[in-house]
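Here's the structure, in structure tokens; my notes come after.
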Amino acid sequence: MFTTTGSRGLYKAPLCKGLLLVLNGLTVMLTLVPQYQDLFVYSLQAAAHQHQVWRLLCGRLICLDVKDSFCSSLLIYNFRIFERRFGTRKFASFLLGTWFLSALVDFLLAQAFQYLFEYEVEELPAGLLAPVFALFVPFYQSIPRMPVTQVLGHIHITNKTLVYIVGLQLLTSSPFMWLLALSGLISGGLYHSNVLWLQRILFVPAWVSCVGKYTLEPLLSSSQPNDETPLGMGATLDIQRQQRMDLLDQQLLLQQYNEARRNARHRPQTGLLQWTRLFPSLRHRGQNRPPAQAHPQAQTRQSTQPPLLENSPVAEEQVARLVEMGFSRTDALEALRASNNDINMATNFLLQH
């Protein structure tokens, strides 16, 4: 259901794990103890007219609706790839910055709606919703769209389609959710573009990040997921065999890519290893296997020699897309060559390292 970038689970995403555990746990507790829900209502009227500023804090953290909590949790789980890519501190700074910006934009949009339609918006859906919608900005701009299948021969399904469907479900869950969504997109665009140097103003201090690293991260860290991919239930033997071969291909390319990066660090020469030609995919090894040699000792001697450095053509458009995602051009070229110009697999390699 989620984008195929990075490892499964919450590996290297302690902040996302903490948000999922704490916020969902508090939502369940408030559902069981409804008499305290009034303290977490996001009331613009109470904050503006009765000076209950604390509602801007309590009302914008915990979801009172279980459906909103479920959908936002799915989105936070999917957006964990940004914490892996940018680091926990930058990811937390993005959430903090958009949280503050969206509070101001909420009031401005509510006042504009009242001015245009003469209707006062008294309450908005509670929860950490605007920052979740703000994450759609880097998701749209940074994550490449990879086609997965087609429906009815014309409708293209990509690796990002179902994420947008979950966002649409969250958008339609309550009447004024559109206001929070618009506020989140505006604040996310402003912060992501660093308008008025917002990233230098609204950020998590280094000492806070250091304290969290040594206190909370050991409690919230997750172990590296198993490389074994579960097979689909009801799959035929041919499908299972195909899935096994795909998994072995990915593991082989990942090992070759790691070896290429290690050799590149120790060798001063320019150029990159063309591993895909030396190690073809498992399905085509029989087709590409060279004729048998008369002397097996010569074969062993050749296999132990280091591979030659070679440049292979790489699509400049794919390199540009990886560079736009924040990776260096050298790493993008390495990943594309190691993955045989497969941008999806190259993105996985770069996100995991």
Side-chain angles (χ1 to χ4, degrees), residues 2-8 11-12 81-87 138-139 141-148 158-160 224-229 242-291 299-353:
F2 304 106
T3 53
T4 57
T5 50
S7 305
R8 301 181 303 275
Y11 178 60
K12 292 184 179 180
I81 56 178
F82 295 117
E83 184 177 1
R84 292 173 179 168
R85 180 187 304 177
F86 303 125
F139 179 76
Q141 295 182 351
S142 303
I143 303 301
R145 185 181 62 178
M146 305 300 299
V148 176
T158 68
N159 59 330
K160 301 169 68 174
Q224 186 173 2
N226 187 8
D227 293 333
E228 186 70 18
T229 302
Q242 182 73 20
Q243 291 177 344
R244 295 288 186 186
M245 298 297 285
D246 291 338
L247 178 61
L248 291 176
D249 277 346
Q250 293 180 7
Q251 293 176 349
L252 178 64
L253 288 174
L254 181 59
Q255 294 175 359
Q256 295 164 359
Y257 173 73
N258 293 333
E259 185 67 23
R261 295 195 66 176
R262 285 195 295 267
N263 293 338
R265 294 192 188 101
H266 297 294
R267 294 186 180 184
Q269 298 94 339
T270 59
L272 297 170
L273 296 177
Q274 180 60 19
W275 291 95
T276 52
R277 293 188 180 181
L278 297 171
F279 299 93
S281 63
L282 296 177
R283 291 186 214 80
H284 304 291
R285 283 191 180 182
Q287 302 173 5
N288 299 333
R289 184 178 299 146
Q299 283 184 346
T300 306
R301 192 179 303 110
Q302 285 183 351
S303 62
T304 57
Q305 294 178 353
L308 298 177
L309 294 175
E310 184 178 347
N311 290 327
S312 62
V314 176
E316 188 63 29
E317 180 182 357
Q318 295 180 351
V319 177
R321 292 177 66 180
L322 291 176
V323 171
E324 290 176 357
M325 293 168 60
F327 304 112
S328 66
R329 180 177 178 84
T330 303
D331 292 341
L333 288 171
E334 279 190 43
L336 287 171
R337 284 172 176 153
S339 61
N340 198 18
N341 290 327
D342 188 336
I343 190 172
N344 194 22
M345 192 174 296
T347 306
N348 288 340
F349 291 158
L350 293 171
L351 287 175
Q352 294 175 4
H353 293 85

Next on the checklist: To check you understand the geometry: which heavy-atom pair defines the closest contact between Arg321 and Pro144, and what is its length?
Outcome noted: NH2-CB, 2.9 Å

Item to check | Nearest-0.5 Å distance that lies between atom CG in Leu333 and atom CD in Gln318 | outcome: 11.0 Å

Checklist entry - Between the side chain of Arg84 and the main-chain N/O of Tyr11, is any donor-acceptor distance below 3.5 Å? => result yes

Checklist outcome for this item: Scanning both residues in full, the closest heavy-atom pair of Ser142 with Phe82 reads CB-CE2, 4.4 Å

Item to check | side chain to side chain contact (heavy atoms under 4.5 Å, CB included) partners of Val323, counting only residues at least two apart | outcome: Val319, Arg329

Next on the checklist: If I take atom CG from residue Leu336 and atom CG from residue Leu322, how far apart are they, to the nearest 0.5 angstrom?
Outcome noted: 5.0 Å

Next on the checklist: So for atom CD, which belongs to Glu317, do other residues, nucleotides or ligands contribute more than 12 heavy atoms lying within a distance under 6.0 Å?
Outcome noted: no

Checklist entry - Looking only at heavy atoms, what is the nearest atom pair of Lys160 and Phe139, with distance? => result NZ-O, 3.2 Å

